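Have a look at the structure below before the remarks.
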Amino acid sequence: MAHSKISPTESSRRILEEYHIDEGVGFALPHPLEELPPAFSAWIRIARNLPALIENGQLREEVEKLPTVSIDELKGHRLQRLAHLALGYITMAYVWNRGDGDIRKVLPRNIAVPYCSLSDKLELPPILSYADCVLANWKKKDPNGESTYLNMDILFSFPGGDCGKGFFLVSLLVEIAASPAIQAIPTVFSAVQNQDQKALEKALGDIASSLKDAKEYFKRMHDFVDPDQFFNVLRIYLSGWKSNPKLAEGLLYEGVWDTPRKFSGGSAGQSSIFQCLDVLLGIEHTTGEAAEFLQEMRKYMPPAHRSFLCSLEEGPSVREFVISNGDKDLKKAYNECVNSLISLRKFHLAIVHEYIMSPAKKQLQLKSGSKTEEPSKMENRGTGGTNVIDFLKSERDNPLQEMQKELPDQYSPWMEIANHLPHLIESHQLRARVYKMPLLDCRFLKGHREQRLAHLVLASITMGFVWQEGETQPPKVLSRALAVPLVEVSRHLGLPPILVHSDLVLTNWTKRNPEG
């Protein structure tokens, strides 16, 4: 399905329908199915009995004698998501088994072939991801009841008792609590386009409120998930085979690929809702590993949700509108949103310390007999394969970065003129240089900071072009090679096509000593 760019005037309902976002549960799959057609009943039987089969040493034998079945009978999105979830659970259990180091490096073709075929249909990777174990792995005990922990359960479990139920359901409830923020997005974009300060202020308040609710649900992790049980049991079954020394070459999917493939395990970085809010609020993650990791995690999201994120990136800049508007109440509402998101990430960092760092340190000290030895970076890696502490600290501590200093090489004609503006104006050569300037395509400007620098450069050239002779003979028409890219960049940023305060003051700076 092709997804068009979000228009600020589109209704919330249109966005929800187009991008597979449910009004009640947000990015979670609404009303997941619990049964597959009879031809696939063996998948469901094994997935529902994983803990017992693993404990009895029968899991791999049961998997290896499964018949190879075609997925052609699996019609409809929810049926396919259930099958993908079941095969994901079976795959993780087959690879890691009892979690004692007895690892399988080859997934048998009777599982690998249908699993990869199904993954191709859903445009998801053939590994248990957040979209599976959190967003599609739930049901209501009372279908007419509310979405509360006591009225919900998970469809499949790993060894570890109720640890998995607690971990997956609390994560799901955080998603649901934060989902009203998605419903506020059409209002936010419409308010920016129409310069409706009060409407934007209210929408930002709604977003901040939903994030505070999400944090309250997140706190319930302590009530339902034991840190040692998570670290020593559940975490093993959520681990992938990318950046994992236990499967350094990856996993071979028999009958699908001739060489092993590497995929990351389920991670909170695969949650669409928090990346969505980053884009909406203009928060960039420009530190190497964190930025790359978040981009990589988009491949593990359902395709409609990936498209939603891309559409948001093409929308107007909320941050730039707030900055250029200058209203204190609006800025306060925006900052409250950002601070609520940072607060949620700080709490996530505390959870990581409690559920990964502390157990890892305790385990290492028991093995070594030393009370001071610290876990290595490899031991600190999360299920997604990244160093969780470095990643989360970069998210928490670096919401805003120093401005861009250079544009890509193809925009060197702009930079050359901007860097010599005083001389070109004084020598009356500026307009001649602008008229010779080629018309350049703005599509190659990557990211918010490059666009901000481009706006500063083009707007500065524009002011010099218009007022080169003082106010005596200003031209009434701006050169096409200057006007077209300036208007295009301005549209992306939600700024007017003229030099503004956010250019002169907020963008036009650098550190002489980057470490100073």
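Throughout, numbering of the chain's residues begins at 1 and tracks the sequence. Since the structure is predicted, the reported quantities are computational estimates derived from the model, not experimental observations.
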Would you give the length of the straight line joining atom [atom1] of [X] to atom [atom2] of [Y], rounded to the nearest 0.5 angstrom?
X	Y	atom1	atom2	value
Thr91	Leu128	OG1	CG	8.5 Å
Trp138	Ser147	CH2	OG	5.0 Å
Phe189	Leu280	CZ	CG	5.5 Å

Any salt bridge linking [X] with [Y]? Criterion: basic side-chain nitrogen under 4.0 Å from a carboxylate oxygen.
X	Y	answer
Lys331	Glu201	no
Glu313	Arg306	no
Asp327	Lys198	no
Glu296	Lys242	yes
Asp223	Arg220	yes

*asked:* If I compare all heavy atoms of Leu118 with all of His84, which pair ends up nearest, and what's the gap?
replied: CD2-N, 3.3 Å
*Search all heavy atoms of Leu344 against all heavy atoms of Ala214 and return the closest pair with its distance.*
CD1-C, 4.1 Å
*Under the criterion side chain to side chain donor-acceptor pair (under 3.5 Å), which of Gln270, Arg298, Gln295 is the partner of Gln275?*
Arg298
Under a 3.5 Å distance rule, please check whether [X] uses its side chain to pair with a backbone N or O of [Y] as donor and acceptor.
X	Y	value
Ser190	Thr187	no
His222	Lys219	yes
Asn194	Asp196	no

*asked:* According to side-chain contact (heavy atoms from CB on, under 4.5 Å), who are the partners of Gln429, at least two apart in sequence or on a separate chain?
replied: His423, Leu424, Ser427
_Thr259 vs Arg261, side chain to side chain donor-acceptor pair (under 3.5 Å): CA-CA, chis, key distance, verdict_ = CA-CA 7 Å; Thr259 56; Arg261 290 293 191 271; 2.7 Å; yes
*Go through the structure and list residues passing ring pair (Phe, Tyr, Trp, His ring centres under 6.0 Å) with His305, not counting sequence neighbours.*
Phe27
_Looking only at side-chain N and O atoms, does Ser117 offer a donor or acceptor that is under 3.5 Å from a partner on Asp120?_
no
*Parallel, tilted or perpendicular: which fits the ring planes of Phe465 and Tyr435, with parallel below 30° and perpendicular above 60°?*
perpendicular
*asked:* Using 30° and 60° as the class boundaries, would you call the ring planes of Tyr253 and Phe263 parallel, tilted or perpendicular?
replied: perpendicular
*asked:* Run Tyr130 and Tyr300 through ring pair (Phe, Tyr, Trp, His ring centres under 6.0 Å) and show every step you take.
replied: CA-CA 8 Å; Tyr130 187 92; Tyr300 294 77; over 10 Å; no
